[in-house]
Amino acid sequence: MKFSAPKGTRDLLPPETAAWQHAEHVFGDVCRRFGYGEIRLPTFEQTELFQRGVGDTTDIVQKEMYTFPDKGGRSLTLRPEGTAGVVRSYVENGMASWPSPVRLYYAITAFRYENVQKGRYREFHQFGCEAIGAAGPAIDAELISLLQLFFAQMGLAETKLRINSIGCPVCREAYQALLRDWLKPHLPQLCDNCQDRFVRNPLRIIDCKETRCQAVTAQAPAQADHLCADCQAHFDGLQHQLNVLGLSYVIDRRIVRGLDYYTRTVFEFVSEHVGTQGTICGGGRYDGLIETVGGAPTPGIGFALGVERLLMELDAQGIQTPPAPTPVLFLAIAGDHEDEARRLCFRLRQAGLAVETDLLGRSLKAQMKYAGKSGTRYVLVLGDDEAASGSGRLRNLETRAETEVRLDQLEQHLLEA
RNA sequence: GUGGGAUUAGCUCAGUUGGUUAGAGUGCCAGAUUGUGGCUCUGGAAGUCGUGGGUUCAAUUCCCAUAUCCCACCCCA
């Protein structure tokens, strides 16, 4: 029996993991600058949380969840996204009494049972932020500026921000009626899928990728043009705030979002290097969600960023991330001096240095080869001479230069190097 | 759930119009005289040719099924 990683999952190995660590580090750093604290939550939740939170009508809930009964008969689900869990935790832990707004960030894996393709996996990684308790557009813009800064810190050359407003339940209902009326005469020209959507959720017709549907909907009324006064003010305010911060964006009336909880502001950062899954990051406001999950009516906004897609984009733009650190010193052993080498090696590690030594009883030549391949900066051979004199030659593998150092001063020497 | 392409050594790939011991490059291990790497040379280990059936005297090669990978539809991060 030969085992392999389950479909849609993959192993992340060194040195590739260095890029992941770097991204996580930078993300956490940027989040903290904006006052976000890290939240860590269970990987699975009660199934009903996602049904209610994400929305029963969404593809995610209808066909993509990893749902299973536990031995106590509970129905549990591997999280398909991060927001529902955070909101559950917000309500459960009474965060409404925390200083407002509550700002949280996370780095998680999420799970969706989908067919795999470029930029899409069954287990995938997300960075996310949630800001709960602020209703005005300033927090929307702040969150977007956080993302801009993050992308910049990662070295991404250009990131395209698209924003839209999908209104609130009130104006959305009015708009849906309007849209249905407008679409009705064009119905025969739409694809099969959109025929369906016309009944279930006409909003989704707007972001259909079929060219014939786009041809029809290009002229269709947009939600953003039919907002109620409050939603319009919010959308105007958002644009003002973005302008104040000097952030460039385009209004894309086709952005609809596939999760039910979004209201008003929705936005995406897109790329052309991630296959047809161009969205690196998607987010929006969810002013009704906290209530849906059992809390008091509270506004909120958040985003999720696909880490696989981010790293693909970095790669496509030829951006290097810092390589994994290599050992400073390889302590090579000549002759019968293993014990001294082990002792010295541990002493240097205790002093905070990354040091390796031979564990396989290899020839000196083989040890040198190994040190060269592993990217180690220095080698010191520990043999009869060194054991007797208490000093040795520290060889710089890059320059091939050797300097004489006393073994009891090695730490000092290497820490300075 | 639906299509298309792929699957041969750790990795990247040749190959067999069906025939006996399946190849290369790279990587790995070792050696090229005594305690010093990257270049070069030599040698070695490593494959049930994705898995299961079928056709055949004979299958890695042809047929069917299945799994996985890649890409796309759908949808999303």
Side-chain angles (χ1 to χ4, degrees), chain A residues 1-10 13 54 57-64 79-83 107-128 147 191-194 196-197 201 204 207-210 255-259 262 268-271 274-284 302-313 330-337 358 360 362-387 392-402:
Chain A
M1 180 65 189
K2 208 174 170 187
F3 293 106
S4 56
K7 187 182 180 74
T9 68
R10 64 191 194 116
L13 313 174
V54 177
T57 66
T58 59
D59 277 13
I60 290 176
V61 171
Q62 285 189 347
K63 48 187 202 195
E64 296 174 1
R79 61 181 165 216
E81 56 101 52
T83 303
I108 59 171
T109 54
F111 306 84
R112 292 184 200 169
Y113 190 89
E114 295 183 276
N115 265 345
V116 177
Q117 67 187 75
K118 194 176 182 67
R120 200 175 69 185
Y121 306 92
R122 289 184 173 180
E123 181 185 27
F124 58 102
H125 297 73
Q126 287 188 331
F127 294 160
L147 280 162
C191 70
D192 291 351
N193 253 311
C194 286
D196 231 46
R197 291 175 177 135
N201 188 356
R204 295 225 63 94
D207 75 338
C208 182
K209 275 97 189 165
E210 290 279 336
I255 301 178
V256 173
R257 312 261 78 216
L259 283 68
Y262 286 116
E268 291 181 345
F269 284 88
V270 294
S271 145
V274 192
T276 43
Q277 313 304 319
T279 307
I280 291 182
C281 172
F303 67 80
L305 184 152
V307 183
E308 285 83 357
R309 293 178 184 181
L310 171 76
L311 294 176
M312 261 183 236
E313 181 66 15
F330 186 87
L331 195 55
I333 306 166
D336 192 22
H337 296 279
D358 180 62
L360 302 179
R362 283 181 287 206
S363 69
L364 185 61
K365 191 167 200 160
Q367 294 181 60
M368 290 300 296
K369 271 190 179 174
Y370 174 83
K373 274 182 294 200
S374 65
T376 306
R377 205 121 55 97
Y378 296 98
V379 168
L380 185 135
V381 178
L382 187 66
D384 293 339
D385 298 347
E386 292 78 10
R393 295 195 304 279
L394 189 63
R395 180 183 178 89
N396 183 318
L397 286 188
E398 225 173 307
T399 64
R400 318 188 78 152
E402 294 193 344

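Letters A, B, ... are given to chains in the order of the sequence lines, protein chains preceding strands, and every chain is numbered from 1. Predicted model only: the values in this text are computed from it and were never measured.
Using a 4.0 Å heavy-atom criterion, one finds that A/Ala371 contacts no nucleic acid atom at all. Contacts of A/Glu81 with the nucleic acid, taken as non-hydrogen atoms under 4.0 Å apart, are absent. Using a 4.0 Å heavy-atom distance criterion, A/Glu123 is classed as making no nucleic acid contact.
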For nucleotides 65-70 of chain B, give me every protein contact, N/O to N/O, under 3.5 Å, one pair per line with atom names.
from  : atom 1 : to     : atom 2 : distance (Å)
B/C69 : OP1    : A/Gly8 : N      : 3.1
B/C69 : OP2    : A/Lys7 : NZ     : 3.4

Where do N or O atoms of nucleotides 8-13 of chain B meet protein N or O atoms at under 3.5 Å, pair by pair?
none

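Contact of A/Glu114 with B/A77 (side chain to base): a donor-acceptor pair of N or O atoms is detected under 3.5 Å. Residue side chain A/Asp384 does not reach the base of B/G35 through any donor-acceptor N/O pair under 3.5 Å, judged by distance alone. Evaluation of atom-type donor-acceptor distances gives a pair under 3.5 Å for the side chain of A/Arg400 against the base of B/G38.
One N or O on the side chain of A/Gln367 and one on the backbone of A/Ile333 form a donor-acceptor pair closer than 3.5 Å. Formation of a donor-acceptor pair under 3.5 Å by the A/Arg309 side chain with backbone atoms of A/Cys281 is not found in this model.
Where A/Arg362 and A/Cys281 each meet RNA chain B at their nearest nucleotide, the meeting point lying more 5' is that of A/Arg362. Position along RNA chain B of the nearest nucleotide to A/Gly383 versus A/Gly306 favours A/Gly383 as the more 5'-ward residue.
In this entry B/U48 has no Watson-Crick or G-U wobble partner, no candidate having both defining distances under 3.5 Å.
Distances from the side chain of A/Leu364 to the nucleotides B/A77, B/A72, B/G35 place B/G35 closest.
For A/Lys369, no side-chain nitrogen or oxygen approaches OP1 or OP2 of B/U36 to under 4.0 Å.
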